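One structure is given here, and the rest of the page talks about it.
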Protein chains: 2
Amino acid sequence: MNINISDEHCPLRRTLEIIGGKWTMLIIFQINERTIRYGELKRCIVGISEKMLISQLKFLCDKGFVHKKSFAEIPPKVEYTLTDIGKELLPVINQLIQFGLNHKF
Amino acid sequence: MNINISDEHCPLRRTLEIIGGKWTMLIIFQINERTIRYGELKRCIVGISEKMLISQLKFLCDKGFVHKKSFAEIPPKVEYTLTDIGKELLPVINQLIQFGLNHKF
DNA sequence: ACAAGTACCTACCAAAAGGTAGGGTACTTA
DNA sequence: TAAGTACCCTACCTTTTGGTAGGTACTTGT
């Protein structure tokens with residue numbers, strides 16, 4: 001791959017605009033291959049606020065990385081899964097994790 | 001890899017704290033395998049301000065991802081290269097680029 | 001003489017991101 | 001009756017991030 005000038009259309013920038021947020025990759029990784037409810041997700045990601053989790057989940061749904069299934073029950077029940085496109089990010093995230101495991105900065 | 005609860009010590013968070021910035025991966029990718037001067041780097045990354053480029057380069061040097069070589073010349077000449085650790089990030093970045101090429105969101 | 005290139009630095013300010021704290025609903029459990 | 005669960009929403013405020021505009025020092029080209 002040869003190195004082009006990085007302008008606003010370069011694929012790296014476009015990707016980072018989507019998944020460059022503080023919580024995005026964390027959320028995608030925690031959903032992973034499973035079906036997970038909102039509440040469990042929140043407990044898995046220590047320190048995230050409800051506002052951030054909700055807004056990021058909505059964002060990821062809009063972008064087609066996450067699928068949301070609401071059940072018309074009381075108390076409410078909502079399940080999240082990764083779409084096929086979302087799952088494509090898992091290998092990248094695993095590499096980042098591996099990098100973190102290999103190095104202490 | 002089983003999914004642990006993501007707290008402040010999880011390797012993904014630690015990695016993202018380093019390379020999660022707006023410009024970090026762009027800079028690392030542009031340096032790539034080459035030896036590049038400050039000015040050329042700036043021209044390659046369209047839209048970055050001098051302040052950001054300088055501060056991020058310093059940060060990446062401090063963390064050991066980038067090596068800096070200054071020449072005692074007039075006009076000044078400074079060359080940047082990736083360290084071995086920095087180069088370990090290139091495959092991850094290439095995957096992100098590939099992802100960006102495959103999808104238009 | 002003066003602008004431009006070269007690699008920075010600093011102070012100040014604007015924008016974006018994220019956190020806090022409150023609200024709401026409808027049901028269950030103590 | 002009160003508290004707790006579950007999944008949100010909104011307004012407000014703080015923190016972080018990044019941009020702008022100025023400066024340095026020295027040299028070369030016009």
Side-chain angles (χ1 to χ4, degrees), chain A residues 6-8 10 12-31 34-63 65-81, chain B residues 6-8 10 12-28 30-31 34-63 66-81:
Chain A
S6 165
D7 60 15
E8 57 277 16
C10 102
L12 183 51
R13 280 200 201 194
R14 293 195 306 110
T15 305
L16 290 175
E17 270 165 33
I18 303 291
I19 55 152
K22 183 176 177 182
W23 300 107
T24 325
M25 294 215 219
L26 260 357
I27 294 170
I28 290 172
F29 177 70
Q30 283 295 328
I31 301 179
R34 49 189 177 171
T35 296
I36 192 169
R37 294 185 63 179
Y38 169 82
E40 192 186 354
L41 200 47
K42 177 163 167 40
R43 282 186 295 273
C44 286
I45 303 172
V46 177
I48 196 170
S49 65
E50 295 202 332
K51 171 190 160 184
M52 275 298 110
L53 183 51
I54 290 288
S55 70
Q56 294 296 83
L57 282 169
K58 185 183 284 182
F59 176 79
L60 290 170
C61 286
D62 290 349
K63 293 294 177 182
F65 296 99
V66 167
H67 178 252
K68 173 179 181 172
K69 184 171 184 186
S70 300
F71 295 81
E73 295 176 7
I74 294 294
K77 177 178 172 182
V78 182
E79 287 179 349
Y80 293 94
T81 45
Chain B
S6 166
D7 61 15
E8 57 276 16
C10 103
L12 183 52
R13 279 199 202 196
R14 294 195 305 109
T15 305
L16 290 175
E17 271 166 31
I18 303 292
I19 55 151
K22 182 175 176 183
W23 300 106
T24 326
M25 295 215 219
L26 260 358
I27 294 170
I28 290 172
Q30 283 295 328
I31 301 180
R34 49 189 178 171
T35 296
I36 192 167
R37 294 185 63 178
Y38 170 81
E40 192 186 352
L41 199 48
K42 178 163 165 39
R43 282 187 294 274
C44 286
I45 304 171
V46 177
I48 196 170
S49 66
E50 296 202 333
K51 171 188 159 184
M52 276 297 110
L53 183 51
I54 290 289
S55 69
Q56 293 297 85
L57 282 170
K58 185 183 284 182
F59 177 78
L60 289 170
C61 285
D62 289 349
K63 293 293 177 182
V66 167
H67 178 252
K68 173 178 180 172
K69 185 171 182 186
S70 300
F71 295 82
E73 297 176 4
I74 295 292
K77 177 178 174 182
V78 182
E79 287 180 349
Y80 293 95
T81 45

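None of these values were measured; they are calculated from a predicted model. Letters A, B, ... are given to chains in the order of the sequence lines, protein chains preceding strands, and every chain is numbered from 1.
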With the side chain of [X] defined as its heavy atoms from C-beta on, choose the nearest nucleotide among [options].
| X | options | result |
| --- | --- | --- |
| B/R43 | C/dC8, C/dT6, D/dC8 | C/dT6 |
| A/S49 | D/dG19, C/dT20, C/dC9 | C/dT20 |
| A/P75 | D/dC8, C/dC8, D/dA6 | D/dA6 |
| A/K51 | C/dT6, D/dA11, D/dA6 | D/dA11 |
| A/M52 | D/dG19, C/dC8, C/dG18 | C/dG18 |
| B/I54 | C/dT6, C/dC8, D/dC9 | C/dC8 |

Atom [atom1] of [X] and atom [atom2] of [N]: how far apart are they, to the nearest Å?
| X | N | atom1 | atom2 | result |
| --- | --- | --- | --- | --- |
| B/W23 | D/dT17 | CH2 | C1' | 12 Å |
| B/I18 | D/dT17 | CD1 | P | 12 Å |
| B/F59 | D/dT16 | CZ | P | 14 Å |
| A/R13 | D/dG18 | CZ | P | 12 Å |
| B/I36 | C/dA7 | CD1 | C1' | 14 Å |
| B/E50 | D/dG23 | CD | P | 15 Å |
| A/I48 | C/dT20 | CD1 | P | 12 Å |
| A/K42 | D/dT5 | NZ | P | 13 Å |

* **Among B/I36, B/I54, B/L53, the one residue meeting side chain to side chain contact (heavy atoms under 4.5 Å, CB included) with B/K42** =>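 Answer to the side chain to side chain contact (heavy atoms under 4.5 Å, CB included) test with B/K42 among B/I36, B/I54, B/L53: B/L53.
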* Quick one: does B/I27's side chain get under 4.5 Å of B/V66's, heavy atoms only? ->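 B/I27 does not reach B/V66 side chain to side chain.
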* **A/K68 vs A/Y38 side-chain heavy atoms within contact, under 4.5 Å** =>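 They are not in side-chain contact.
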* For B/E79, which residues count as a side chain to side chain donor-acceptor pair (under 3.5 Å) partner, sequence neighbours excluded? -> none
* Applying side chain to side chain donor-acceptor pair (under 3.5 Å), name anything that partners B/R13, two or more places apart in sequence or on another chain. => B/S6
Hey, is the side chain of [X] poking within less than 4.0 Å of OP1 or OP2 on [N], counting only N and O atoms?
| X | N | value |
| --- | --- | --- |
| A/K58 | D/dC9 | yes |
| A/R37 | D/dA6 | no |
| B/Y38 | C/dG5 | no |
| B/K22 | D/dT16 | no |

Hey, does [X] reach any base, or is it just sugar-phosphate, or nothing, if we go heavy atoms under 4.0 Å?
| X | value |
| --- | --- |
| A/E73 | nothing |
| B/F71 | nothing |
| A/K68 | sugar-phosphate |

* To do: Starting from the 5' end of DNA chain C, give me the residue, B/S70 or A/G21, whose nearest nucleotide shows up first.
  => B/S70
* Structure fact -> Comparing nearest nucleotides in DNA chain C, the 5'-proximal residue of the pair B/E40, A/G47 is B/E40
* Structure fact -> When rounded to the nearest 0.5 Å, the distance separating NZ of B/K51 from CD of B/Q56 is 10.5 Å
